[in-house]
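Quantities reported herein were computed from a predicted structural model and do not represent experimental measurements. Nothing fancy with the numbering, it's 1 onward along the sequence.
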Amino acid sequence: AITRDPFLLRGISIVRFALHKSIKAQIKIKTLKDGKRDLNRAINNSPNKGADPQVLYLRSLVNFGLNYFFDSIIDIEHAIENSDEASANHYLARGRCYACLSMFKEAITDLSIAINLNKDLLDVSSIK
């Protein structure tokens, strides 16, 4: 379903700009925070009370980019709970957060789930 929520659309645009343009780190952080503010508004205004797993996943990626690993984990957990089926990307993202927090047992568990859900994650040509 195509959304017409202007906060969501602007938030997505801001985040895409911050992640795909070569900008100074300080500006990138401010831009990601601006995008997160719009995503928060979109989540708060949503008819399903913020349960859209795709929007929660996007906000989790923004939180990860801001080094807000605990916030990212919370968003991913809500995305997992509200998803119709398991997503390798959700477990991959949460596993990365756990690894950044030195929670290696949890990271290994989530990364293993991600690999089992999507064997394409093993494609080493995608590693930069």
Side-chain angles (χ1 to χ4, degrees):
I2 296 176
T3 181
R4 301 212 189 282
D5 183 320
F7 289 114
L8 178 58
L9 296 173
R10 187 172 69 178
I12 291 169
S13 298
I14 289 170
V15 170
R16 289 182 61 90
F17 173 81
L19 298 178
H20 293 96
K21 295 292 180 184
S22 180
I23 55 178
K24 293 180 181 178
Q26 191 174 15
I27 295 171
K28 182 177 274 192
I29 290 169
K30 182 196 177 306
T31 305
L32 286 173
K33 286 181 179 180
D34 290 344
K36 181 179 175 182
R37 186 178 55 244
D38 277 352
L39 293 175
N40 289 341
R41 288 177 180 158
I43 288 169
N44 290 336
N45 294 337
S46 69
N48 56 356
K49 302 299 180 212
D52 185 328
Q54 292 175 323
V55 180
L56 291 166
Y57 174 68
L58 178 59
R59 189 173 68 177
S60 78
L61 296 178
V62 172
N63 281 324
F64 183 87
L66 292 168
N67 296 328
Y68 300 161
F69 303 120
F70 288 110
D71 291 343
S72 183
I73 290 169
I74 290 168
D75 281 342
I76 295 169
E77 287 176 350
H78 285 104
I80 290 170
E81 290 169 10
N82 292 303
S83 294
D84 293 333
E85 60 184 57
S87 167
N89 288 332
H90 293 165
Y91 289 96
L92 176 63
R94 191 170 67 177
R96 289 177 55 186
C97 289
Y98 284 139
C100 289
L101 293 168
S102 299
M103 299 173 69
F104 299 116
K105 183 178 177 183
E106 293 85 351
I108 291 167
T109 298
D110 274 2
L111 296 171
S112 297
I113 292 169
I115 291 167
N116 287 329
L117 289 171
N118 184 353
K119 301 294 186 206
D120 291 337
L121 294 174
L122 300 173
D123 180 9
V124 292
S125 66
S126 66
I127 298 174
K128 295 180 181 177

Would you say L19 ends up clustered with L58 if hydrophobic residues are merged whenever their side chains have heavy atoms under 4.5 Å apart, either directly or through other cluster members?
yes
Are I76 and I73 co-members of a hydrophobic cluster defined by side-chain heavy atoms under 4.5 Å apart?
no
ring-ring contact (aromatic ring centres under 6.0 Å, His included) filter on Y57, not counting sequence neighbours, yields H90
Set of residues satisfying ring-ring contact (aromatic ring centres under 6.0 Å, His included) with respect to F69, sequence neighbours excluded
F64
Determine yes or no for a side-chain-to-main-chain donor-acceptor pair under 3.5 angstrom, with S72 supplying the side chain and Y68 the backbone.
no
Show every salt bridge (Lys or Arg N to Asp or Glu O under 4.0 Å) that has at least one partner inside residues 8-27, sequence neighbours left out.
R10-D38
E77, CD atom: more than 12 neighbouring heavy atoms under 6.0 Å
yes
I'd like to know whether CD of E81 has more than 12 heavy-atom contacts from other residues, nucleotides or ligands below 6.0 angstrom.
yes
I'd like a table of donor-acceptor pairs (distance under 3.5 Å, sequence neighbours excluded) in which one partner is a side-chain atom from residues 106-116, with atom names and distances.
{"residue": "T109", "atom": "OG1", "partner": "K105", "partner atom": "O", "Å": "3.1"}
{"residue": "D110", "atom": "OD1", "partner": "R94", "partner atom": "NH2", "Å": "3.0"}
{"residue": "D110", "atom": "OD2", "partner": "R94", "partner atom": "NE", "Å": "2.4"}
{"residue": "D110", "atom": "OD2", "partner": "R94", "partner atom": "NH2", "Å": "3.3"}
{"residue": "S112", "atom": "OG", "partner": "I108", "partner atom": "O", "Å": "2.8"}
{"residue": "N116", "atom": "OD1", "partner": "K119", "partner atom": "NZ", "Å": "3.4"}
{"residue": "N116", "atom": "ND2", "partner": "S112", "partner atom": "O", "Å": "3.3"}

Once you round to the nearest 0.5 Å, how far does [atom1] of [X] lie from [atom2] of [Y]?
| X | Y | atom1 | atom2 | result |
| --- | --- | --- | --- | --- |
| S60 | K36 | OG | NZ | 10.5 Å |
| N89 | S83 | CG | OG | 10.5 Å |
| R41 | S46 | CZ | OG | 15.0 Å |
| I80 | E85 | CD1 | CD | 13.0 Å |

Does a side-chain heavy-atom distance below 4.5 Å link [X] with [Y]?
| X | Y | result |
| --- | --- | --- |
| Y98 | C100 | no |
| F7 | L39 | no |
| L56 | R59 | yes |

For I29, give me all partners under side-chain contact (heavy atoms from CB on, under 4.5 Å), at least two apart in sequence or on another chain.
K33, L66
List for me each residue that meets side-chain contact (heavy atoms from CB on, under 4.5 Å) alongside K28, sequence neighbours excluded, and say none if there are none.
A18, I23, L32
Please list, chain by chain and in numerical order, all residues satisfying side-chain hydrogen bond (donor to acceptor under 3.5 Å, both in side chains) with N45, sequence neighbours excluded.
none
Tightest non-hydrogen contact, residues V15 and G35, listed as CG2-CA, 4.2 Å
side-chain hydrogen bond (donor to acceptor under 3.5 Å, both in side chains) between D52 and N82, worked out:
CA-CA 7 Å; D52 185 328; N82 292 303; over 6 Å; no
